[in-house]
Amino acid sequence: MGFNSADLIQIILTLGVVVVATPILGSYMAKVFQGEKTWLSSLLRPLESGTYRLTGVRENDEMDWKEYFLSLLFFNLIGIVVVMLLQMLQAALPLNPQALPNTSWHLAFNTAASFVTNTNWQAYSGESTLSYLTQMLGLGVQNFVSAATGFSVFLAFTRGIARKQVTGLGNFWVDLTRSTVHVLLPFSLVLALFLVGEGVVQNFSAYIPAKTIEGAEQLLPQGPAASQVAIKQLGSNGGGFFGVNSAHPYENPTPWSNFLEMISLILLASACTYVFGVMVGSKRQGWVLFAAMMSMLVVMLALSLWSEYTPNATIGQTALMEGKETRFGVTNSVLWSVLTTSASNGSVNAMHSSLSPLSGGIAMVNMMLGEVIFGGVGAGMYGMLLFVILTVFISGLMVGRTPEYLGKKIEAKEIIWVVVGVLAPCVTILIFSAVAVALPVGLAGLGHQGPHGLSEILYAFTSAAANNGSAFGSLTVNTPFYNVLLGVAMLIGRFAIILPVLVIAGNLAGKRTSPTGLGTFRTDSILFVAILIAVIFIVGALTFFPALSLGPILEHLLMVRGQ
């Protein structure tokens with residue numbers, strides 16, 4: 001079975017919809033985030049203003065970066081506590097028709113850290129571990145507010161770049177509310193209705209006993225899945241209602257549902273590039289960042305498809321179906337794997353452990369680049385902007401001119417924080433992976449030996465620190481060691497980037513804007529796109545090249561040699 005014209009049409013249609021939707025959604029979102037009236041305002045504005053009255057938030061109050069960060073930190077800390085308690089007390093709480101027991105403390109911590117940080121890593125199988133109440137009130141709520149938190153930080157960063165000689169970056173509570181009420185809620189509602197129409201389950205029924213063709217007894221899981229699937233895709237969350245995520249026919253029953261869910265992976269993240277262009281007063285700047293992201297996505301997808309369709313010398317076949325959904329085929333599985341690891345989503349419709357070595361390696365590299373190929377909603381943009389500032393700084397040094405971005409001088413204090421934000425996840429991935437490889441308790445969970453075993457561990461900590469959430473799946477991680485270590489990696493990967501971003505935003509907001517001159521290095525050109533991509537790959541790919549050489553690259557070479 002080889003790559004054919006139908007596969008190409010599928011890819012072009014998927015990416016084409018994203019390109020067309022970016023300015024449409026981006027224009028709407030920009031109006032929302034700037035407090036302007038939209039066609040949904042008459043319906044949603046009362047809900048927004050009512051939320052302010054109920055919580056005592058004063059809509060027009062501004063926060064400096066410290067207030068913004070402390071508010072964000074407090075909100076997320078409360079989220080961790082609530083999600084942990086729901087899991088550890090679920091046996092005594094309602095909406096638990098299967099009488100599922102309480103979870104262990106370490107699984108509760110891991111899951112709470114996972115969903116609060118928008119990672120949505122799952123060391124459990126949803127249908128056998130969590131009650132409907134825990135899924136909805138705990139995980140479902142965090143799917144919304146963790147995505148809204150990403151939006152909020154992106155908006156604060158953008159205001160820091162756009163404004164001059166001020167301290168205010170907006171109001172965290174307002175940004176959080178607007179993102180949730182005007183963007184995530186209506187879009188998720190529409191997608192959920194489409195998914196229900198395709199057959200995704202949405203009920204509160206107890207599990208249904210059934211008998212297979214062979215006569216074996218089994219239970220058919222039920223639950224409010226469609227509502228969670230919609231926000232898991234749109235909010236760059238990825239945590240599945242059922243254990244096998246979107247490979248489960250109750251989460252993803254048809255080719256049409258697969259197409260909708262796949263597009264949703266990067267829809268809002270791509271629209272953020274347009275929002276940025278509008279808010280800084282130059283749509284061209286937003287399209288430049290979109291071009292950089294889309295270029296990297298296309299290259300990674302092409303490499304992954306090439307690897308998957310290259311004949312396997314060991315068995316003499318190509319495009320193996322092992323670990324892939326027969327309903328969707330190889331191309332849809334590969335396309336989803338590239339999109340989900342580029343978008344910081346982490347949902348899957350096939351087993352990533354079953355991908356060819358280089359395809360699995362590309363999924364890892366997408367995350368190792370800092371989740372800036374679209375990335376999470378908001379999070380991908382503020383991660384990309386860190387690389388933009390780093391690129392401007394390096395370019396300024398090369399031409400002997402003080403680095404500037406959109407008229408703001410980039411100085412040593414900004415670069416120090418950029419380096420912290422860029423390298424914190426890299427250091428976490430390498431150190432934590434080394435600890436797991438060095439200790440018997442880390443090696444005990446391996447499903448494979450050799451280079452693939454290393455890839456299992458490396459993928460897990462990459463996914464955690466990059467706040468992605470996907471996994472090779474063959475590593476046993478529901479243990480105190482992995483639950484705690486991966487949970488800590490998620491927290492570092494989230495907040496060790498948010499803090500530098502807000503500090504930089506505060507610094508830039510207080511600066512004056514310098515007029516553009518003949519010697520100003522342009523950041524809206526094809527040349528800048530090329531330099532930006534080069535910097536991203538140099539920092540991301542080369543940092544992990546030794547580890548990748550011992551994992552997927554070595555496994556690929558062994559496969560080519562037929563060993």
Side-chain angles (χ1 to χ4, degrees), residues 65 153-154 156-165 169 272-273 276-277 279-282 284-293 295-296 368-373 375 378-427 496-544:
W65 77 263
V153 177
F154 157 59
F157 201 3
T158 302
R159 294 188 190 108
I161 294 171
R163 294 177 177 180
K164 54 185 177 181
Q165 293 182 292
L169 298 176
C272 285
T273 61
F276 176 77
M279 292 183 68
V280 300
S282 173
R284 186 180 176 93
Q285 294 287 343
W287 282 118
V288 162
L289 299 183
F290 179 88
M293 293 175 176
S295 298
M296 290 187 285
M368 290 171 173
L369 294 179
E371 287 289 15
V372 296
I373 308 177
M381 270 299 296
Y382 64 69
M384 175 61 89
L385 288 171
L386 290 180
F387 277 105
V388 167
I389 293 174
L390 182 60
T391 302
V392 167
F393 179 75
I394 294 172
S395 301
L397 294 179
M398 292 172 65
V399 300
R401 180 181 170 87
T402 302
E404 294 178 2
Y405 183 55
L406 298 180
K408 298 291 183 72
K409 293 188 182 297
I410 306 301
E411 299 173 299
K413 53 188 175 182
E414 284 86 41
I415 292 303
I416 290 172
W417 283 107
V418 166
V419 170
V420 171
V422 169
L423 293 185
C426 301
V427 173
I497 299 177
I498 287 178
L499 175 60
V501 164
L502 292 177
V503 173
I504 295 168
N507 288 342
L508 294 179
K511 295 185 178 186
R512 288 182 289 184
T513 303
S514 304
T516 302
L518 293 175
T520 301
F521 181 70
R522 292 185 58 183
T523 56
D524 59 355
S525 64
I526 295 176
L527 175 61
F528 183 76
V529 171
I531 298 174
L532 175 60
I533 293 173
V535 170
I536 292 170
F537 274 96
I538 289 170
V539 173
L542 294 185
T543 299
F544 296 100

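What's counted below: heavy atoms across the whole structure, side chains too, no hydrogens, waters or symmetry copies. Along the sequence shown, residues are numbered consecutively beginning with 1.
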Asks: Kindly compute the distance separating CE (Met368) from OG1 (Thr543), expressed to the nearest 0.5 Å.
Replies: 10.0 Å
Asks: Of all the heavy-atom pairs spanning Lys511 and Lys409, show the shortest one and how long it is.
Replies: NZ-O, 2.6 Å
Asks: Considering only heavy atoms from C-beta outward, does the side chain of Phe393 approach that of Val419 to under 4.5 Å?
Replies: no
Asks: Can you name the nearest heavy-atom pair linking Cys272 to Gly378, along with the distance?
Replies: SG-N, 3.7 Å
Asks: Testing the basics here: between Ala162 and Met279, what is the closest heavy-atom pair and its distance to 0.1 Å?
Replies: CB-O, 3.6 Å
Asks: Ignoring hydrogens, what is the shortest heavy-atom contact between Thr523 and Phe528? Give both atom names and the distance.
Replies: O-CD2, 3.5 Å
Asks: Can you find a pair of side-chain heavy atoms, one from Ile410 and one from Val418, that are under 4.5 Å apart?
Replies: no
Asks: Any side-chain heavy atom of Val503 within less than 4.5 Å of one from Lys413?
Replies: no
Asks: Any heavy-atom pair between the side chains of Thr273 and Trp287 that's under 4.5 Å?
Replies: no
Asks: Could you tell me the separation between the CD1 atom of Ile497 and the CG atom of Leu423, rounded to the nearest 0.5 Å?
Replies: 10.5 Å
Asks: What's the spacing between Leu369 CG and Phe544 CZ if we round to 0.5 Å?
Replies: 9.0 Å
Asks: If you compare all heavy atoms of Pro500 against all heavy atoms of Trp417, which two are closest, and at what distance to 0.1 Å?
Replies: CB-O, 3.3 Å
Asks: What's the verdict on side-chain contact (heavy atoms from CB on, under 4.5 Å) for Arg512 and Lys164, showing C-alpha distance, side-chain angles and the deciding distance?
Replies: CA-CA 5 Å; Arg512 288 182 289 184; Lys164 54 185 177 181; 5.6 Å; no
Asks: Using a 4.5 Å cut-off on heavy atoms from C-beta on, say whether the side chain of Phe157 contacts that of Met381.
Replies: no
Asks: Before you tell me yes or no, could you show the steps for Phe290 and Val529 under side-chain contact (heavy atoms from CB on, under 4.5 Å), namely the whole-Å CA-CA distance, both residues' side-chain angles and the distance that decides it to 0.1 Å?
Replies: CA-CA 10 Å; Phe290 179 88; Val529 171; over 6 Å; no
Asks: Is any side-chain heavy atom of Glu414 closer than 4.5 Å to a side-chain heavy atom of Leu508?
Replies: yes
Asks: With rounding to the nearest 0.5 Å, note down the distance linking OG1 in Thr391 to CG in Leu385.
Replies: 10.5 Å
Asks: How about Leu169 and Arg163: do any of their side-chain heavy atoms sit closer than 4.5 Å?
Replies: no
Asks: Can you confirm whether Ile504 sits close enough to Leu386 that some side-chain heavy atom of one is under 4.5 Å from a side-chain heavy atom of the other?
Replies: yes
Asks: For Phe276 and Tyr405, take the angle between the two ring planes, folded into 0 to 90°, and tell me which bin it lands in: parallel under 30, tilted 30 to 60, perpendicular over 60.
Replies: parallel
Asks: Please round to the nearest 0.5 Å and tell me the distance separating atom CG of Leu532 and atom CE of Met384.
Replies: 5.0 Å
Asks: Rounded to the nearest 0.5 Å, what separation is found between the CG atom of Leu406 and the OG atom of Ser514?
Replies: 11.5 Å
Asks: So does Leu542 have more than 12 non-hydrogen atoms from other groups sitting under 6.0 Å from CG?
Replies: yes
Asks: Mind listing the closest non-hydrogen atom pair of Asp524 and Gln285 along with its distance?
Replies: CB-NE2, 3.7 Å
